[in-house]
Amino acid sequence: MIPPIVVHPAYQAVLPDGHRFPMRKYGRLAETLVQLGLAPAGFVRPEPADAALLRRAHRSDYVEAILSCSVSREIERNIGLPVDESVVARSRASAGGTLAAARLALEYGLAGSAAGGSHHARRETGAGFCLFNDVAIAALALQAEGTIRRALVVDCDVHQGDGTADCLAGSPDLFTLSIHAEKNYPTRKIAGDLDIGLRDGVDDAGYAAILAAHLPSLLDGLAPDLVFYNAGVDPHADDRLGRLSLTDAGLHARDRYVVGEARRRRIPLVAVIGGGYASDIDALAARHAIVFQAMAALV
């Protein structure tokens with residue numbers, strides 16, 4: 001069975017013309033997944049997250065300000081997206097989508113959401129194109145209801161997962177691994193459980209060596225009930241906001257390795273797409289599809 005993929009029409013919000021965030025990649029990714037035969041029975045449509053779910057990871061006053069589209073100009077500027085009805089709907093759908101995909105992964109072993117990975121959203125505020133931290137919300141919700149006890153977040157976005165570290169700081173059984181470009185955003189990092197800052201220009205081989213040095217021992221030592229995998233494609237050499245030098249082949253190898261290590265240990269894994277900021281939307285969507293191809297090959 002090809003692993004289920006969660007998609008909501010609201011994943012692609014409406015942005016002003018010329019906005020630098022490549023919002024069109026979400027719709028194009030869904031089309032690409034269909035073209036690749038990775039959604040033979042269609043997509044799973046999630047329920048958008050409500051306020052109670054969002055409060056699992058975020059302060060109540062921040063949640064209410066976002067949902068009512070009444071955040072301060074400073075917070076909106078830090079987020080880098082207009083906090084309007086379309087963008088808020090997208091963020092709610094994304095959070096609900098990651099939780100739905102996590103439940104599917106626990107049932108089927110592998111699943112993914114064609115959005116998510118908003119890892120700069122902290123407990124009290126958003127930042128870096130992120131309103132709500134979908135992975136933290138899902139992990140905390142599943143833990144609170146007793147569905148999981150321990151989870152590992154494997155964050156391979158090129159930017160450090162500061163928001164996830166902040167949201168999960170009080171939950172020692174929700175372990176965060178961030179592999180990122182050290183000199184990249186955010187300038188002020190929030191320490192997670194294991195942060196690996198890479199020098200600029202690390203290539204396919206160097207990245208693979210870092211993963212091999214750390215991931216197996218974490219999986220064996222933690223024995224998590226679930227792995228959340230942020231498969232950001234911004235470590236690619238052509239990414240506008242990255243500082244690393246991975247190729248398409250390197251992303252394929254990375255995703256096969258992460259998924260394969262979890263599968264080898266029979267640990268369920270849920271994938272989210274994370275960051276990717278190349279100007280070529282078709283090429284960008286194809287890169288985001290790689291993790292879903294890896295899961296389909298290793299199911």
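Values below: all heavy atoms of this structure, side chains included; hydrogens, waters and symmetry mates excluded. Just so you know, these numbers come straight off a predicted model, no measurement behind them.
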Please test F175 against V154 for side-chain contact (heavy atoms from CB on, under 4.5 Å), starting from the C-alpha separation and ending with a verdict. CA-CA 9 Å; F175 190 101; V154 178; over 6 Å; no
Pairs under 3.5 angstrom only: tabulate donor-acceptor contacts from the side chains of residues 123-137 to other protein residues two or more places apart or in another chain.
| from | atom 1 | to | atom 2 | distance (Å) |
| --- | --- | --- | --- | --- |
| R123 | NH1 | A57 | O | 3.2 |
| N133 | OD1 | A136 | N | 3.1 |
| N133 | ND2 | A121 | O | 3.1 |
| N133 | ND2 | T164 | OG1 | 3.2 |
| D134 | OD1 | G117 | N | 3.1 |
| D134 | OD1 | S118 | N | 2.8 |
| D134 | OD2 | T98 | OG1 | 2.7 |
| D134 | OD2 | G117 | N | 3.0 |

In residues 75-84, what donor-acceptor pairs under 3.5 Å come from side-chain atoms, sequence neighbours left out?
| from | atom 1 | to | atom 2 | distance (Å) |
| --- | --- | --- | --- | --- |
| E76 | OE2 | V83 | N | 2.8 |
| N78 | ND2 | E74 | O | 3.4 |
| D84 | OD1 | S86 | N | 3.3 |
| D84 | OD1 | V87 | N | 3.0 |

Hey, can you pull the donor-acceptor pairs under 3.5 Å for the side chains in residues 287-299, sequence neighbours left out?
| from | atom 1 | to | atom 2 | distance (Å) |
| --- | --- | --- | --- | --- |
| R287 | NE | H236 | NE2 | 3.3 |
| R287 | NE | D248 | OD1 | 2.9 |
| H288 | NE2 | K25 | NZ | 3.1 |

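With sequence neighbours left out, the side-chain hydrogen bond (donor to acceptor under 3.5 Å, both in side chains) criterion links D282 to R28. For the ring-ring contact (aromatic ring centres under 6.0 Å, His included) test, no residue two or more places apart in sequence or in another chain qualifies with H180. The side-chain hydrogen bond (donor to acceptor under 3.5 Å, both in side chains) check on R256 picks up nothing, with sequence neighbours excluded.
In this structure, the side chains of I66 and V71 come closer than 4.5 Å at one or more pairs of heavy atoms.
R254 contributes a side-chain N or O that, together with a main-chain N or O of A231, makes up a donor-acceptor pair within less than 3.5 Å.
Aromatic ring centroids of F43 and H8 lie 6.0 Å or more apart.
Between R265 and E261 there is a salt bridge, since a side-chain N of the basic residue sits under 4.0 Å from a carboxylate O of the acidic one.
In this model, no donor atom of one side chain and acceptor atom of the other lie less than 3.5 Å apart for D162 and H119.
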